[in-house]
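In what follows, chains are A, B, ... by sequence order, proteins preceding strands, each numbered from 1. None of the values given here were measured: they were computed from a predicted structure. FYI, side chains are in, hydrogens and waters are out, and symmetry mates aren't considered; it's all heavy atoms of this structure.
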Amino acid sequence: MPEFSTSPGMRDITAPESARWRRFVDVFERTVSAAGYELVIPPLLEDIGVFTRLGEATDVVTKEMYDFVDKGERHVALRPEQTASICRSFVEHRPTTPFKAWYSGPNFRYEKPQRGRYRQFDQVGIEVLGSLDPYVDIEVIHLGWIFFKKLGLQQIELAVNSLGEPENRTAYVAALKSYFNDRLADLSPESQQTLEKNPLRVLDSKRPQDSDVIAGAPMINSFWSAEAAAHFDTVCNGLTSLGVPFSIDLKLVRGLDYYRGTTFEFRGGTLDSAQNALGGGGRYDGLVADLGGPDTPGVGFAIGLDRTLLACDDEGTFPSPPDAADVFVVDVGDGIDALLICAELRAAGIRTERSWDNRSMKAQMKAANRSGARFAVLIGEDERLAGIALLRDLRSDAEQVSVARTELQATLISRLSSLQGAE
RNA sequence: GUGGGCGUAGCUCAGGUGGUUAGAGCGUCAGGUUGUGGCCCUGAAGGCCGGGGGUUCAAGUCCCCUCGCUCACCCCA
């Protein structure tokens, strides 16, 4: 048994999955940079105060934070998400608004791991700070939507809601609290607890026992101000104009306390409810001010890498990219030819591999085959003396040909590019 | 944090009612003519059967604890 393995909820992302992760972020970057979003790379570690603003009532803050006191007596935490970091960064550097940022990277939450839920998990996301315009909400949601489409996902469900203006939200929470309190006995013990901390979240309960009570609960839309209703209306109309299908889910309350106004969630149609939330976001118009900045509205989303990839697996889309060499150099001499040829071909941008340890020609050919290389270049004493190399197409029955050593690189470039053209 | 299931070679898994040196397939490595892959054949390496304790003449197989994975709840991405 190995002495060490990864800590719970942490894992190695190995090939070919690792390449898929890279490509995932590439697709995301292309999607959002086309809309003018710029990359921000916040630190993994921040003063814990940055994150406690996410909500005193959320488990993310109260129970799941990886926090500690560092050698300088600073109370710090590994980020549980990145929105707060982006806002902190905004307050610290004060870029001009609207400020449009995207990010990707790991977050940490001390939870019990299970499928689609890890203690270190990657997210990609965008944030727009400095505009109240509902068209920003629409753009943000649309970018999330087309990203999923670019991954090839067909069964994404988009749910949208609005928590109204802060006063609306407050009034609604009060009404909800009073409604649930009147029916406390009908609620599950868990929901009774949730009620004390955050009445909104009771709406999220999946327990059958709660469903009847929840069904009769007051709905947020009757608390919307005229402005909030109009904002939401514009958002819905915009999505419709863009041809983005969505449903209005008046019970959609996001987990973090800072949300107000528009909220939305992307769900994977093929996944179980435990991990079907692939991403979500909304407006957090008070967060920047909470972090000591000017009163600045914000809207954004975060998308979970693992869960989205899970959805891709289910739909059979966005596979790991192929990982094959172009050329494999087989050297049955002392290895110096392989050394030089590899260096030369790699410098020319040809993906070139070789084997080590003076293995037999047969073993080297097997390795060449396994590498997926299209061509094998063979060289030994005889070839070296003759100033040639043998070139063999591993995926055709054509005879191998001898090529002047000085022509090898040019020959391979032309062969490979003509193959690429054919495909 | 609470409950259910599981934990045997690198991977996927077999191993009725406890009984001699723990198996298969795949993968890896080496051979099957002197310098040639893919198919096939032969052979080899590789497991204190997650860890610890207990019951027993004897445990991968039973019991307890622990760690881990997994599923559900919770929470959320």
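Checking the phosphate oxygens (OP1, OP2) of B:rC74, no side-chain nitrogen or oxygen of A:Ser191 falls inside 4.0 Å.
Between B:rG25 and B:rG35, the two C1' atoms lie 33 Å apart (nearest whole Å). Rounded to a whole angstrom, the distance from the P atom of B:rU56 to that of B:rA72 is 42 Å. When the P atom is compared between B:rC13 and B:rC6, the two are found 14 Å apart, to the nearest whole Å. Rounded to the nearest Å, the gap between the C1' atom of B:rG7 and that of B:rC41 is 36 Å. Between B:rC40 and B:rG27, the distance separating the two P atoms is 9 Å to the nearest Å. Between B:rG23 and B:rG47, the distance separating the two P atoms is 14 Å to the nearest Å. Spacing of P atoms, B:rG46 relative to B:rC29, comes out at 16 Å, to the nearest Å. Separating the P atom of B:rG60 from that of B:rG1 is a span of 32 Å, rounded to the nearest Å.
Residue A:Gly281 is out of contact with every strand shown, counting any heavy-atom pair closer than 4.0 Å. Across all strands, A:Arg267 comes closer than 4.0 Å to no nucleic acid atom at all (heavy-atom distances). Note on A:Gly116: a base of the nucleic acid sits closer than 4.0 angstrom, heavy atoms only. Using a 4.0 Å heavy-atom cutoff across all strands shown, A:Thr308 reaches no nucleic acid atom at all. Nucleic acid contact class of A:Gly380 (heavy atoms, under 4.0 Å, all strands): none. Residue contacts for A:Ile303: at a heavy-atom cut-off of 4.0 Å it reaches no nucleic acid atom on any strand shown.
Contact check on A:Asp137 versus A:Arg283 returns a salt bridge, with a Lys/Arg side-chain nitrogen under 4.0 Å from an Asp/Glu carboxylate oxygen.
Using Watson-Crick or G-U wobble geometry with both donor-acceptor distances under 3.5 Å, B:rG25 finds its partner in B:rC11. Pairing partner, B:rC73: B:rG1, with both Watson-Crick or wobble hydrogen-bond distances short of 3.5 Å. The pairing partner recorded for B:rU17 is none, the criterion being a Watson-Crick or G-U wobble arrangement whose two distances lie under 3.5 angstrom. For B:rA30, the paired nucleotide is B:rU42, the pair qualifying as Watson-Crick or G-U wobble because both relevant distances are below 3.5 Å. Pairing for B:rU36 is absent, judged as Watson-Crick or G-U wobble with the two contacts each under 3.5 Å. Base pairing of B:rC62: its partner is B:rG54, meeting the Watson-Crick or G-U wobble criterion (both donor-acceptor distances under 3.5 Å).
Closest approach to the A:Leu394 side chain among B:rG68, B:rG37, B:rC75 is made by B:rG37 (side chain taken as heavy atoms from C-beta onward). Relative to the side chain of A:Phe121, the nucleotides B:rG31, B:rG68, B:rA77 differ in distance, and B:rA77 lies closest. Comparing B:rC69, B:rA77, B:rC76 by their closest approach to the side chain of A:Arg201 singles out B:rC76. Distance from the side chain of A:Val332 is smallest to B:rG35 among B:rG1, B:rG35, B:rA77. Checking B:rU36, B:rG3, B:rA77 against every side-chain atom of A:Arg307, the shortest atom distance belongs to B:rA77. The listed nucleotides are B:rC73, B:rU70, B:rG31; the one nearest the side chain of A:Gln114 is B:rC73. Minimum atom distance to the side chain of A:Arg115 is reached by B:rC71, of the listed B:rA30, B:rG37, B:rC71.
Between the CE atom of A:Met365 and the C1' atom of B:rG35 there is a distance of 11 Å, rounded to whole Å. Distance, A:Asp306 CG to B:rA77 P: 14 Å, rounded to whole Å. The interatomic distance linking A:Leu378 (CG) with B:rG35 (C1') rounds to 9 Å, in whole Å. B:rA77 atom P lies 12 Å from atom CD of A:Glu127, rounded to whole Å. With rounding to whole Å, A:Lys112 atom NZ is found 11 Å from B:rC69 atom C1'. Following rounding to the nearest Å, A:Met65 (CE) and B:rC76 (C1') show an atom-to-atom distance of 15 Å. Note: CG (A:Leu203) to C1' (B:rC75) measures 15 Å, nearest angstrom. Summarising the geometry, the separation between CG on A:Asp122 and P on B:rA77 is reported as 15 Å, rounded to the nearest angstrom.
For B:rU36, its base never sits under 3.5 Å from the side chain of A:Gln364 at any donor and acceptor pair. Put simply, the side chain of A:Glu265 and the base of B:rA77 share no donor and acceptor less than 3.5 Å apart. The base of B:rG38 lies outside donor-acceptor range of the side chain of A:Arg370, with no N or O pair under 3.5 Å. Side-chain atoms of A:Arg117 come within donor-acceptor range of the base of B:rC75, with a qualifying N/O pair under 3.5 Å. Residue A:Glu383 places a side-chain atom within donor-acceptor reach of the base of B:rG35, judged by atom type and a 3.5 Å distance cut-off alone. Taking 3.5 Å as the limit, the base of B:rG38 and the side chain of A:Asn369 contain no donor-acceptor pair of atoms between them. Between the side chain of A:Lys366 and the base of B:rU36, no donor-acceptor pair under 3.5 Å is found.
With hydrogens and angles ignored, the 3.5 Å screen pairs a side-chain donor or acceptor of A:Tyr179 with a backbone N or O of A:Val213.
Both tests hold for A:Arg119 against A:Tyr110: distance to the six-membered ring centre under 6.0 Å, angle to the ring axis within 45°. A cation-pi arrangement is found for A:Arg354 relative to A:Trp356, the charged atom lying closer than 6.0 Å to the ring centre and inside a 45° cone about the ring normal.
In the model, A:Asp47 has no side-chain atom that pairs as donor or acceptor with a side-chain atom of A:His75 under 3.5 Å. Residues A:Ser85 and A:Glu46 have side chains that bring a donor and an acceptor to within less than 3.5 angstrom of each other. For the residue pair A:Glu81 / A:Asn107, no side-chain donor-acceptor distance below 3.5 Å is found, with atom types taken as modelled.
Nearest-nucleotide positions on RNA chain B place A:Ser396 closer to the 5' end than the other of A:Ser396 and A:Arg109. Annotation: of the two residues near RNA chain B, A:Gly9 and A:Tyr118, the 5′-most nearest-nucleotide partner is A:Gly9.
When the shell of 6.0 Å around CG of A:Leu184 is examined, it contains more than 12 heavy atoms from other residues, nucleotides or ligands.
Ring centroids of A:Phe318 and A:Phe148 are separated by 6.0 Å or more, keeping the two rings apart.
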